[in-house]
Every structure is written in structure tokens, then in C-alpha cells.
Number of protein chains: 2
Amino acid sequence: MARVTLADVARAAGVDMSTASRVLRGEASQRVREETRVRILKIAEEMQYLANPLARGLRTQRTDTLGIVVPQLDNPVFASAIRGAELEAAERGYSLLISHREPGETATTIAKISRTNRVDGLLVASLDDDEVLRTDLAAARVPFVLMNRILPGAPLSVVLDSRAAARKGVEHLTALGHRRIAHLAGREGGFNARERLQGYRDGLAAAGIAFDEALVGVAGYTAEGGTQAMRALLPQHPTAVLAATLVSAAGAMATLHEAGLRIPEDISVIGLHDAPVARMLYPALTSVAMPTEEMGRVAADLLIRALGGEDPTPVAPLPPGTLVVRGSTGPAPI
Amino acid sequence: MARVTLADVARAAGVDMSTASRVLRGEASQRVREETRVRILKIAEEMQYLANPLARGLRTQRTDTLGIVVPQLDNPVFASAIRGAELEAAERGYSLLISHREPGETATTIAKISRTNRVDGLLVASLDDDEVLRTDLAAARVPFVLMNRILPGAPLSVVLDSRAAARKGVEHLTALGHRRIAHLAGREGGFNARERLQGYRDGLAAAGIAFDEALVGVAGYTAEGGTQAMRALLPQHPTAVLAATLVSAAGAMATLHEAGLRIPEDISVIGLHDAPVARMLYPALTSVAMPTEEMGRVAADLLIRALGGEDPTPVAPLPPGTLVVRGSTGPAPI
DNA sequence: TTGAAAGCGATACCAC
DNA sequence: GTGGTATCGCTTTCAA
């Protein structure tokens with residue numbers, strides 16, 4: 001039970017702590033005799049020595065820990081980003097401190113976590129407005145990288161190419177012959193929402209379809225929002241819908257079912273951000289996969305490089321993944 | 001940027017570090033003059049002093065941090081449990097270190113996290129078999145509390161009353177006149193699966209319905225599993241289905257839709273563990289809410305009390321919450 | 001009521 | 001190549 005300390009190992013190996021430290025730390029230029037090195041390593045192994053990160057951190061002023069703060073845990077996008085960050089961090093010798101905060105608590109969290117030497121840097125996802133986020137981040141005393149959004153003035157952020165994704169979705173629909181395609185947008189004014197709307201227009205333009213504002217509704221990111229927005233759009237008689245998320249797509253499908261429309265015979269539905277829940281809907285939802293795990297990975301990589309003193313190299317938006325065709329999309333009705 | 005240390009505060013206040021420490025720590029019997037106390041507090045506040053948890057932990061051998069290790073982040077049950085643990089921990093002055101591990105990595109995680117003074121105790125959720133989990137936990141060097149399952153020999157665990165929940169679901173169905181009620185069970189041999197099956201039988205018995213093994217299928221915890229199991233059950237012509245989870249319920253609904261059965265006119269579906277995804281299905285799924293957040297809270301409370309030297313008081317299974325009636329259940333067809 | 005000083009378990013600089 | 005030793009920032013006796 002009693003923890004094995006460096007001193008214990010050194011004593012057992014008959015060397016000084018400093019020597020043991022040198023070896024155990026895996027220092028590059030270990031000016032230590034091979035024989036001694038091996039002996040110390042062997043003994044440490046036998047004694048199951050594990051360095052105390054508190055003591056180490058106190059001395060080095062580093063924790064080899066990255067913090068990641070997300071607004072929701074049960075959001076597939078963030079869950080997946082966390083996984084990616086976790087993998088990248090682990091590969092690079094860092095731990096990940098996951099911090100889940102409700103909107104509004106973000107500032108305090110960032111302040112606490114970053115000002116108490118708990119983490120060397122921060123990965124931040126936020127659904128808050130620019131101004132709020134900016135204020136929150138002002139409290140950060142460590143380098144940070146934004147995920148899934150940009151913030152004017154913040155140099156490091158990793159985003160998904162929502163515009164290309166939306167376009168890809170629309171192209172799938174136009175290829176199926178659809179021309180009256182509705183769009184359920186996310187939160188008005190949001191970065192991704194803006195991008196997706198643009199991609200939606202790109203897709204229409206590529207097929208020579210005129211943009212019609214009446215076919216765009218704001219659904220936000222809830223099922224209820226999708227239901228409402230879809231209901232409002234019904235009188236426009238779209239033959240297909242591009243939803244910003246799986247959740248709003250699900251909400252929209254409820255409206256369509258209620259209206260007695262068959263999916264996909266009467267109307268096709270496509271969502272953005274593929275995730276297991278797409279298969280839980282009926283019919284299973286066609287959707288554009290997004291590299292959310294990659295986003296976490298890249299963000300972690302960027303942060304670690306920044307911590308290493310490298311200069312912030314902004315990365316381009318991550319291109320969408322494959323279009324996963326399921327049962328919710330089909331040829332346009334004649 | 002330079003961190004404010006206790007020494008800085010003490011110097012500014014014209015007192016010794018030890019005195020500053022005493023008041024800043026909020027010690028109970030502060031043998032410190034009120035005047036001095038106030039002065040120190042004020043100065044600390046002004047200087048925005050925050051204690052360095054590494055230094056403090058190194059000295060006290062405590063981190064005031066609880067670890068929580070979960071197998072999945074984007075599982076509403078765990079996400080909610082985390083939230084509960086987080087709230088309870090915060091209220092009691094503890095931080096929560098969330099650790100997401102794929103099955104198989106659990107042992108290493110537990111070992112690392114608990115043997116390197118990162119946490120004072122552990123909250124553990126696991127989908128692994130008893131034997132595996134037992135091995136994993138053997139590496140734990142700190143007290144721990146299990147969530148959502150039991151493990152023979154492990155004294156502290158907090159579980160949901162799955163049996164009562166299943167029974168509640170069945171009672172809703174029998175009250176609606178259903179008598180041929182199928183059950184989509186979880187993983188065979190699992191603790192919760194066993195409990196639910198028992199609750200299902202309880203519910204049938206209460207309505208004077210004989211248990212029929214042919215009406216029970218194993219769906220596991222995936223949509224695909226639900227789909228398959230439901231398909232196999234169809235020839236038995238049930239008029240209602242009790243699914244172990246929302247996910248398997250969704251899978252079952254896909255089968256029903258494909259078979260041309262109307263929900264709930266031809267067949268009712270009910271799931272366990274209410275969550276937002278229930279509203280994403282069509283029709284929206286009736287389900288039995290479970291106190292998953294409470295589970296996290298109680299687990300944290302138990303752990304903190306154990307850390308305080310109290311004796312493990314086992315807690316009874318948490319009773320199910322309300323039955324949330326949505327569109328997927330209705331009167332039995334005549 | 002307050003101060004002095006000894007660690008907690010590492011790292012890193014400086015001798016030898 | 002190896003050993004001494006002064007920190008890192010805080011808590012906690014023990015004196016005064």
C-alpha cells in the first residue's frame with residue numbers, strides 16, 4: 001500500500017536519487033553507465049515504481065495534462081472529439097482532463113483549471129456566443145485551441161468544413177432528381193450554421209436551382225425545433241430536406257410521419273454528422289459523416305505543438321467524410 | 001502571468017506563510033485574530049490567489065479529486081451519472097476527473113490513476129464481466145464505488161432498481177389490456193439483464209399472465225440487436241414489447257415498421273431509461289425514467305463518506321422514476 | 001495568536 | 001558518470 005518513491009528505488013539500487021531520476025525520466029543524454037541504467041530500470045520495474053505526478057509537476061511546472069472543456073457529454077460530436085483528443089494526447093505522452101461544463105460555468109472552469117497548474121493547455125468547445133466565449137477565455141492562463149468553431153482574434157481553432165458537408169448532402173439530393181430542397185438550419189448567427197447555409201446554396205447553384213428563402217427554416221439543435229421548423233416548411237411542398245444535425249432531422253421526420261408523408265417515397269431526409277443514432281431512426285437516416293474524432297486529434301496535436309514552442313499553424317477546415325446512404329433518401333417523386 | 005503564491009500573499013499581508021495558510025484554508029479552529037483574518041482574506045482576493053493543488057496535494061497526500069471511469073461517454077446513462085457525480089462532488093468540495101476508457105483499457109487506467117496520487121477515490125462503471133472487472137479493480141490503490149452494477153465481494157455499489165422498472169413498464173402495458181408482452185433482454189448473464197427479466201415476470205404475474213419463454217429475446221444493447229431479436233419474436237404475435245434500453249427499442253421499432261405493423265395500434269413498445277433520444281423516435285417512445293443522475297450523486301456521496309473514514313453503508317437499489325407516456329404505447333388491439 | 005522550520009517526492013544545477 | 005542539494009508551493013507540528 002505504501003507508495004514506492006524515487007528514494008526507495010535509489011536506495012534499493014544503491015545509487016543516488018538524482019541518478020535514478022535521470023534514468024527513470026528517460027532523459028535523452030543520459031550520462032549514465034549502461035550497467036547502472038539497466039539495474040535501476042530493473043529494480044524500478046520490480047518495485048512497481050510510478051512517479052508521483054504531483055511532485056514532478058510541482059518541480060517542473062508542467063503537468064503533461066491537457067484539459068478539454070465541453071458543454072455536453074452525451075453529444076456524439078463532442079464525445080467523439082474527446083476520444084480523438086484522448087488518443088492523440090496519449091500517443092504524445094499527455095493525459096486528458098475532461099471537464100464537462102454547462103454553459104455559464106465555462107468561465108469559472110477555465111479560470112480554475114488553467115490558473116491552478118492543473119493543465120498545460122486547453123481544448124475548448126463552446127456553444128456560447130462569441131462575446132461570452134471571449135470573456136471566458138480571457139481568464140485562461142494557458143494556451144488553448146478552439147474546437148468546432150472560430151473566434152475572431154483566437155489564432156488556434158479546428159473546425160469541420162460544414163459548408164462542404166452541406167453541399168455534399170445537397171448534391172446527393174439533386175443527383176436523385178430533387179429540386180425543391182428545404183434546409184433546416186441550426187442556431188441563427190452561429191458559425192457552423194452560416195457555413196452550412198452557404199454550402200446548401202452552393203449545392204443548389206451547382207445544380208442550377210435558384211435559392212428560395214422560403215425553403216429555409218431555423219430548427220436549432222433539438223428534436224422539437226426540427227419538428228416545428230419542418231411543420232412550418234410543409235406548405236412549401238419540398239421533396240427533400242437537409243437537416244443541420246441528426247437531432248433536428250429526427251424531429252423533422254416526426255412531422256413528416258404525422259403529415260402522412262412517406263420517407264423517402266414522398267420526401268427524402270438527410271442529416272449532417274453521422275452517428276449511431278442515425279440507425280435508430282426509421283427509416284434509417286442518410287447522413288454525411290464528419291471527422292469529429294479527427295477534429296479532437298488535430299486540436300490536441302496543435303495544442304501540443306504550441307506547448308512545445310512551435311508557432312501556431314492554422315489548419316484548414318476538415319473536409320467531410322463519406323456520405324452514408326441509408327433508407328431516408330430516394331429518387332424525387334415524379 | 002506569474003502565479004500568485006501563498007508566500008506572495010503572506011508578504012503583502014505582512015504575516016507568515018503559516019498564518020496565511022491557516023486562514024486561507026478555512027480551517028475550523030482558526031486561532032487567528034479576526035482583524036488579521038479579514039486582512040489576509042482581502043489581500044488574497046485582491047491578488048486573485050488560488051492555491052496550487054499540486055503543492056497542496058503533495059503535502060497533504062490528498063487531491064480532493066474523485067476519479068470516474070466510464071466505458072462510453074455518449075451513453076445517456078453514463079453522461080447523466082457523470083453529471084450527478086459532478087454536482088455532488090462540487091458541493092462537497094471535490095473535483096471530478098473523468099476518465100473514458102474502452103473496455104480492456106480499464107485495468108491500466110485504474111492502476112495509473114489510483115497509484116499515482118491523482119485521485120482520492122474512484123467511481124467505476126463497467127460493462128465487463130465480473131472476472132475482468134475484478135482483475136481490473138485489484139490494481140486500485142484507493143477506495144472505490146461501483147455504479148450500475150454489483151460485484152460479489154465489492155462492498156460499495158449503487159444500482160438502479162431495474163427489476164422495479166421493468167415491472168412498472170409491464171404494468172403499464174397490462175393496464176392497457178396487453179397480455180402477449182414480449183421482452184427484449186440485454187446481455188445474457190448481466191446483472192441488470194437478470195433483474196429486468198425478473199421484473200418482467202413480476203409484472204406478468206401481477207396480472208395473472210403466465211410467463212412464456214418464447215416471448216423473450218436477447219437484443220443486447222444495440223439497435224441491430226433489437227432489430228434481430230424483434231424479428232425472431234414476430235411469429236409469436238406479441239401485442240406489446242418491453243425493451244431493455246432505448247437503443248434496442250429503436251431497433252425493434254424498425255422491424256415493426258418493416259413488417260407493416262402500426263405502433264401503437266397493432267403493437268405497443270416501451271423502453272427503459274428515459275432520455276432525449278426517446279423523443280427522436282417515431283412514434284415517440286414511452287419509457288420508464290431512471291434516476292441515473294441520482295445514481296452518480298449517491299455514488300459520489302458514498303465514496304466521499306468512505307474517504308472520510310465512515311463505514312460503508314450499502315444503499316438500496318434506486319427506485320425507478322416516472323413512467324413517461326408518449327406515442328408508442330396504446331390499448332391492446334381487440 | 002503568530003512565526004519558524006521540516007518535510008511531501010520529484011527535478012535540475014553544480015560539483016567531483 | 002554520479003552524488004549533493006536547493007528548490008517547487010504548500011501544510012503542519014512545535015515553539016514562542
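Convention: sequence-line order gives letters A, B, ...; per-chain numbering from 1.
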Are the charged groups of A:Glu45 and A:Lys42 less than 4.0 angstrom apart, N to O?
-> no
Would a distance-only check, ignoring hydrogens and angles, find a side-chain to backbone donor-acceptor pair under 3.5 Å from A:Ser114 to A:Arg141?
-> yes
Is it the case that A:Arg25 and A:Ser21 place a side-chain donor and acceptor less than 3.5 Å from each other?
-> yes
Take the protein atom CG of A:Asp8 and the nucleotide atom C1' of C:dA10, then report the distance between them rounded to whole Å.
-> 13 Å
Rounded to whole angstrom units, what separation is found between the CZ atom of A:Arg33 and the P atom of D:dG1?
-> 9 Å
Kindly point out which of C:dA12, D:dG3, C:dT2 is positioned nearest to the side chain of A:Val15?
-> D:dG3
Could you state the CG-P distance from A:Leu6 to D:dG3, rounded to the nearest angstrom?
-> 12 Å
Report the distance from atom CG of A:Leu24 to atom P of C:dA10, rounded to the nearest whole Å.
-> 9 Å
Please name the residue in the list A:Arg149, A:Arg187, A:Arg134 that meets the salt bridge (charged side-chain N to carboxylate O under 4.0 Å, His left out) test with A:Asp129.
-> A:Arg187
Between protein and nucleic acid, restricted to nucleotides 13-16 of chain C and to nitrogen or oxygen atoms under 3.5 Å apart, what atom pairs and distances do you find?
none

With respect to the phosphate group of D:dT2, does any side-chain polar atom (N or O) of A:Thr36 fall under 4.0 Å of OP1 or OP2?
-> yes
Mind calculating the distance between CG (B:Asp16) and P (D:dT11) to the nearest angstrom?
-> 13 Å
Find which nucleotide of DNA chain C each of A:Leu50 and B:Met17 is nearest to by heavy atoms, and output the residue with the more 5' nucleotide.
-> B:Met17
Answer yes or no: is there an ion pair linking A:Arg305 with A:Asp301, defined by an N-O contact shorter than 4.0 Å?
-> yes
Are a donor atom and an acceptor atom from the side chains of B:Asn52 and B:Arg3 found within less than 3.5 Å of each other?
-> no
Among D:dT12, D:dG9, C:dG9, find the nucleotide with the atom closest to the side chain of B:Gln61.
-> C:dG9
What integer distance in Å separates A:Arg37:CZ from D:dG1:P?
-> 13 Å
Side chains of B:Tyr94 and B:Asp120: does their closest heavy-atom pair fall under 4.5 Å?
-> yes
Would you tell me if any nitrogen or oxygen in the side chain of A:Thr19 comes within less than 4.0 Å of OP1 or OP2 on D:dG3?
-> yes
Rounding to a whole Å, what distance do you find between A:Arg39:CZ and D:dT2:P?
-> 8 Å
Return yes if the base of C:dT11 and the side-chain atoms of A:Arg56 contain a donor-acceptor N/O pair under 3.5 Å, otherwise no.
-> no
Separation of atom CZ in B:Arg59 from atom C1' in C:dA6, rounded to whole Å | 8 Å
